[in-house]
Amino acid sequence: MNRALNKSNLKHLTGLLQRFQSTLVIAEHNNEKLTPITLNAITAATKVGGEVSCLVAGTNCAKVAEEISKVKGVKKVLVAQHDSYKGGLPEELTPLILQTQKQFNFTHICAGASAFGKNLLPRVAAKLDVAPVSDIIEVKSSDTFVRTIYAGNALSTVKCNEPIKVFSIRGTCFEAAPTEGGGAASEEVSASSPVGISEWLKQSLTKSDRPELTSAKVVVSGGRGLKSGENFKLLYDLADKMNAAVGASRAAVDAGYVPNDMQVGQTGKIVAPELYIAVGISGAIQHLAGMKDSKTIVAINKDPEAPIFQVADYGLVADLFKITD
Ligand SMILES: Cc1cc2nc3c(=O)[nH]c(=O)nc-3n(C[C@H](O)[C@H](O)[C@H](O)COP(=O)(O)OP(=O)(O)OC[C@H]3O[C@@H](n4cnc5c(N)ncnc54)[C@H](O)[C@@H]3O)c2cc1C
């Protein structure tokens, strides 16, 4: 057989296989607005091939369903509304996802690797008795994904042989799907019966006029070098001038300088802004895992040997308290 023919047959076969795929993206939202990472998940889903549908489950989420129906690449929006979906509890959403998967025979189920997705997808995968693939950074084909291991020091290409592929995506590695240009049909799906083993009581969100950490174009982060929570004011003032979000290292969070939701890194948030300014942060591997894909990195540290300088595009070796005088 000739080689060129083989190659073209293979391409044809891959195309055919992709057409048989269908992905369900679980939308993350607050009943009013879609969380941006869902748009990145939609892009990842389109790379799988085949049709992309979105499940919007909430208490009063018609607005979100309308928003998603305009997103390019989405074919169908499935809407389920019930009081039990308040707070997006995995115990309540999982039966709905399983029932929707069964009804429409989705080959793939995905969501953003945010707190929401990390909370939900392992339960979905366990109930389907499949192994999930978490926090992927690339879709190679409908069954092959790339994810980072060893805190981002190595890339692992995973071929998933499960009949239903459940995966979460790293938002910073996929472009956001355009919010205009789509024309998806909306369909109501019946709500699952409430499970009642957990109850959503309330959420206390930090109120801030600054941009959200994971979607901000500029992030100013502080570490243990700041020495106290009060000193973070230096960073808040700078951030306000630059319309930036403020992040922190785990050491700063553990020391109680700032709240947990500001933590950047392996066990915190993954960010990839246009500009990341690290102030008084040593650059431990676990911190780098959360910010090294930033377009431009600026580091301010008094220790010229600090590892952060190895990833920085611009470095300033100085005492942070003196340069701000
Ligand atoms: C499983 C695991 C998960 C982890 N997850 C994360 C994570 O998600 N995010 C994270 O950040 N860490 C994480 N860590 C912790 C990580 O290993 C480091 O301990 C932490 O990042 C250190 O924070 P830091 O750089 O602020 O503190 P330090 O390492 O103490 O560094 C402080 C830096 O400030 C500089 N400095 C001090 N004073 C000044 C000054 N006056 N002017 C200028 N510079 C100054 C010092 O030279 C030093 O480089 C994790 C660790 C483990 C084991």
Side-chain angles (χ1 to χ4, degrees), residues 37 112-119 122 134-137 147-156 168-173 206 210 212-216 218-239 242 244-273 275-294 296-325:
I37 197 165
S114 56
F116 170 79
K118 286 178 184 172
N119 210 10
S134 57
D135 206 8
I136 65 154
I137 61 166
R147 57 190 303 275
T148 62
I149 52 173
Y150 300 118
N153 272 332
L155 299 182
S156 159
S168 63
I169 65 103
R170 183 173 294 188
T172 52
C173 295
T206 318
R210 293 188 197 98
E212 206 274 315
L213 192 52
T214 52
S215 53
V218 181
V219 173
V220 183
S221 274
R224 189 153 31 201
L226 264 293
K227 300 212 164 40
S228 72
E230 291 73 54
N231 289 336
F232 260 75
K233 185 172 181 314
L234 292 170
L235 304 193
Y236 297 136
D237 290 347
L238 177 64
M242 302 177 82
V246 179
S249 71
R250 176 157 154 184
V253 170
D254 286 352
Y257 302 168
V258 290
N260 293 59
D261 60 354
M262 285 172 63
Q263 184 178 319
V264 171
Q266 186 188 335
T267 41
K269 290 182 176 162
I270 310 273
V271 301
L275 174 62
Y276 188 88
I277 307 178
V279 185
I281 292 180
S282 58
I285 176 181
Q286 297 88 356
H287 186 79
L288 301 187
M291 46 61 76
K292 70 174 165 21
D293 290 333
S294 305
T296 303
I297 299 172
V298 175
I300 303 172
N301 197 303
K302 67 177 182 186
D303 174 9
E305 302 297 325
I308 190 78
F309 289 124
Q310 285 166 22
V311 296
D313 299 284
Y314 301 93
L316 180 57
V317 180
D319 185 322
L320 72 97
F321 297 107
K322 295 204 174 123
I323 50 157
T324 49
D325 280 346

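Ligands are counted one by one from 1 in listed order, and the atoms in each one are counted from 1 as well.
- In this structure, the side chains of Tyr276 and Val264 come closer than 4.5 Å at one or more pairs of heavy atoms.
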Derivation and outcome, side chain to side chain contact (heavy atoms under 4.5 Å, CB included), residues Leu288 and Ile308: CA-CA 8 Å; Leu288 301 187; Ile308 190 78; 4.0 Å; yes
Derivation of the side chain to side chain contact (heavy atoms under 4.5 Å, CB included) call for Val219 and Leu275: CA-CA 6 Å; Val219 173; Leu275 174 62; over 6 Å; no
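- Side-chain contact between Val311 and His287: absent, with no pair of heavy atoms (C-beta onward) separated by less than 4.5 Å.
- Within 4.0 Å of ligand 1, contacts by protein heavy atoms are made from Gly223, Arg224, Gly225, Lys227, Ser249, Arg250, Ala251, Gln263, Val264, Gly265, Gln266, Thr267, Gly268, Gly280, Ile281, Ser282, Ala284, Gln286, His287, Asn301, Lys302, Asp303, Ala318, Asp319, Leu320, Phe321.
- The heavy-atom pair separating Gly225 from Leu320 by the smallest distance is O-CD2, 3.6 Å.
- Between Ser249 and Arg224, the shortest heavy-atom distance links the atoms OG-N, 4.0 Å.
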